[in-house]
There are 2 protein chains.
Amino acid sequence: MSLILTNIEKHVQLTAEEKELFLSKTEIHHYKAKSILLNSGQICKYSYFVNSGILRSFNINDNIVEHVLSFACEGWWMGDMYSLISQKPGNLFIEVLEDAELVLLSKENQEQLYTEIPKLERFFRILTENSLVAHQDRLMDNLSLSAEERFDKFNKRYGNLTHKIPQKQIASYIGVTPEFFSKMKSRLLKK
Amino acid sequence: MSLILTNIEKHVQLTAEEKELFLSKTEIHHYKAKSILLNSGQICKYSYFVNSGILRSFNINDNIVEHVLSFACEGWWMGDMYSLISQKPGNLFIEVLEDAELVLLSKENQEQLYTEIPKLERFFRILTENSLVAHQDRLMDNLSLSAEERFDKFNKRYGNLTHKIPQKQIASYIGVTPEFFSKMKSRLLKK
DNA sequence: TTTTGCACTTAACCTAGATTAAGAAGTGAC
DNA sequence: GTCACTTCTTAATCTAGGTTAAGTGCAAAA
């Protein structure tokens, strides 16, 4: 069975017909590494589910500095939540870090599914709740932990990514410069 | 009409019977300033909606330092999302900063309402989505803005609170020490 | 084969914000 | 009215992490 259905069925049970209806509203696309799925200033039209590969979302502030909001690998969802719900231009970029197979669910189809299959409204509520908890957690970590401790947490959350993505992007995720990250890493190795 | 129904009807329309059913599942309570609604280590059993007064949620790390996660004043919801959805002990405190009238909605009643009035599942999905966007935003701010800019943002979000709550709690919210906040404030006044 | 570009490192120097400590000023309890 | 308690301020000193700059290693163009 497809990964995305397994993912959904962790929280709600669907009938065979519902599964079929759901899948009929999605599209599968393949993207090469370095593809940009969404540019800052664009309206986000899709939720993306990762069958394989790696994505990241980030923004770029005035100082031309990138800040990574999140990574998504196999089994994770990705999107610009702000733009997706408001259908206004967002300020996130979504980029493919490693060749990816994605399930695309358009905003309109998602809304239709909420009424056609109310269980999916429940599913996305739960998904959003979990994401909210994770973001609250990370926020508190950024307020109270050192860079080293934040790196620890990153490894717990995204351990499998540590050696697959450029380390400057890990630095950006935990909120330090690549230079400091490099220094910190060599300090950690000496222990 | 009660504030909480107005709040709900910003996103979904309820019939008179649904409103009645909803209200029958809630309780109104009054709390004095400094009351603790939830202690770290406890299981959060209620979502709180603020009719009047001010609440704050915070945690305390090993170093005995408080970090404010959020404030809630009139028309806002409050809870320990992690504990609420997992029904496991959380690590947030919820405290009353200013005498408050609150609407309490228990976890069980909330779950019942999701099935009795599916529109409420939609409402809480949307509420959670908006909260998620706000947290993502704040996270990016903490990664990229200076303390001064974060204070600006605080004022935009919670402007009416600036002179109602101890400034050391604003400092904690934006992630600086009270001493630094004081210094920063006097620097701002000189401009 | 060379060149271009990107990821990473190292090191010297810099700064936003932390820490420590002390005092001032307000607020409430008895 | 005073004692206890808390918030806020000021100032000296310290440090985690930023900045600037130079250099290395490597892979993809060309």
Side-chain angles (χ1 to χ4, degrees), chain A residues 32-36 54 56 58 60-68 71 93 95-99 140-154 161-191, chain B residues 32-36 54 56 58 60-68 71 93 95-99 140-154 161-191:
Chain A
K32 286 274 161 210
K34 297 190 184 167
S35 310
I36 299 290
I54 305 174
R56 75 171 176 132
F58 62 100
I60 301 185
N61 72 2
D62 332 312
N63 312 322
I64 319 164
V65 182
E66 290 183 12
H67 290 279
V68 172
F71 299 104
F93 295 79
E95 183 198 26
V96 179
L97 289 184
E98 195 179 75
D99 292 3
M140 295 309 259
D141 288 350
N142 281 323
L143 290 178
S144 61
L145 302 183
S146 67
E148 230 168 88
E149 292 168 311
R150 266 144 40 214
F151 181 44
D152 269 5
K153 291 264 192 156
F154 167 86
L161 292 188
T162 315
H163 300 290
K164 281 195 191 172
I165 62 182
Q167 67 171 251
K168 62 179 237 174
Q169 286 173 13
I170 303 178
S172 168
Y173 178 91
I174 69 173
V176 297
T177 58
E179 293 85 352
F180 181 76
F181 187 84
S182 175
K183 185 159 65 174
M184 184 178 87
K185 212 184 66 171
S186 75
R187 206 167 50 212
L188 286 173
L189 284 174
K190 279 179 200 140
K191 289 182 187 167
Chain B
K32 286 274 161 211
K34 297 190 183 164
S35 311
I36 299 291
I54 305 174
R56 72 190 260 245
F58 63 99
I60 301 185
N61 71 5
D62 333 313
N63 312 322
I64 319 165
V65 181
E66 289 184 11
H67 291 278
V68 172
F71 299 103
F93 295 79
E95 182 199 26
V96 179
L97 288 185
E98 195 178 75
D99 292 3
M140 295 311 258
D141 288 349
N142 281 322
L143 289 178
S144 60
L145 303 183
S146 67
E148 229 168 90
E149 292 169 310
R150 269 151 27 218
F151 180 45
D152 269 5
K153 291 264 190 156
F154 168 85
L161 292 189
T162 314
H163 300 289
K164 282 197 192 172
I165 61 182
Q167 67 172 252
K168 62 180 236 176
Q169 285 171 17
I170 302 178
S172 168
Y173 178 90
I174 68 174
V176 297
T177 58
E179 293 86 353
F180 181 77
F181 187 83
S182 175
K183 185 159 65 173
M184 184 178 87
K185 211 184 66 172
S186 75
R187 206 166 51 211
L188 285 173
L189 284 175
K190 279 180 200 142
K191 290 185 186 168

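Quick note on labels: first sequence line is chain A, next is B, and so on, each numbered from 1.
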Worksheet item: Is there a donor-acceptor contact under 3.5 Å linking the side chains of B/Gln169 and B/Ser172?
Response: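 Their side chains do not contain a donor-acceptor pair, so the 3.5 Å distance test is not met.
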Whole angstrom value for the distance that separates [atom2] of [N] from [atom1] of [X]:
| X | N | atom1 | atom2 | value |
| --- | --- | --- | --- | --- |
| B/Glu66 | D/dT7 | CD | C1' | 13 Å |
| A/Phe180 | D/dT15 | CZ | C1' | 10 Å |
| A/Arg187 | D/dT15 | CZ | P | 13 Å |
| A/Lys168 | D/dG17 | NZ | P | 21 Å |
| B/Leu143 | D/dG17 | CG | C1' | 14 Å |
| A/Leu145 | D/dG17 | CG | P | 10 Å |
| B/Phe181 | D/dA11 | CZ | P | 19 Å |
| A/Met184 | D/dG18 | CE | P | 10 Å |

Should the pair [X]-[Y] be classified as a salt bridge under the 4.0 Å nitrogen-to-oxygen rule?
| X | Y | result |
| --- | --- | --- |
| B/Lys153 | B/Asp141 | yes |
| A/Lys168 | A/Glu179 | no |
| B/Glu148 | B/Arg187 | yes |
| A/Lys32 | A/Glu98 | no |

Fill in: Residue met sooner reading DNA chain D from 5', once B/Pro166 and A/Glu179 are mapped to nucleotides
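The residue whose closest nucleotide sits nearer the 5' end is B/Pro166.
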Any side-chain heavy atom of [X] within less than 4.5 Å of one from [Y]?
| X | Y | answer |
| --- | --- | --- |
| B/Leu161 | B/Ile54 | yes |
| B/Phe154 | B/Thr162 | yes |
| B/Asn61 | A/Met140 | no |

Fill in: Leading and trailing nucleotides of DNA chain C with any atom under 4.0 Å from heavy atoms of chain B
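Both ends considered, the range comes out as C/dG17 to C/dA21.
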Discussion item. Check the phosphate of D/dG17 against A/Thr177, side-chain N and O only, distance under 4.0 Å to OP1 or OP2. Yes or no?
Written reply: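 Answer no for this pair, as no side-chain N or O of A/Thr177 is under 4.0 Å from OP1 or OP2.
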Fill in: Criterion ring pair (Phe, Tyr, Trp, His ring centres under 6.0 Å) against A/Phe58, the qualifying member of A/Tyr173, A/Phe71, A/Phe93
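Between A/Phe58 and the candidates, ring pair (Phe, Tyr, Trp, His ring centres under 6.0 Å) is satisfied uniquely by A/Phe93.
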Worksheet entry | Degree of bending in the helix from C/dT1-D/dA30 to C/dC30-D/dG1 once both end axes are built from five pairs, to 10° |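 Its terminal axes enclose an angle near 40°.
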Discussion item. Nearest to the side chain of B/Gln167, heavy atoms from C-beta on, is which of D/dG17, D/dT10, D/dC8?
Written reply: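 Among the listed nucleotides, the one closest to the side chain of B/Gln167 is D/dC8.
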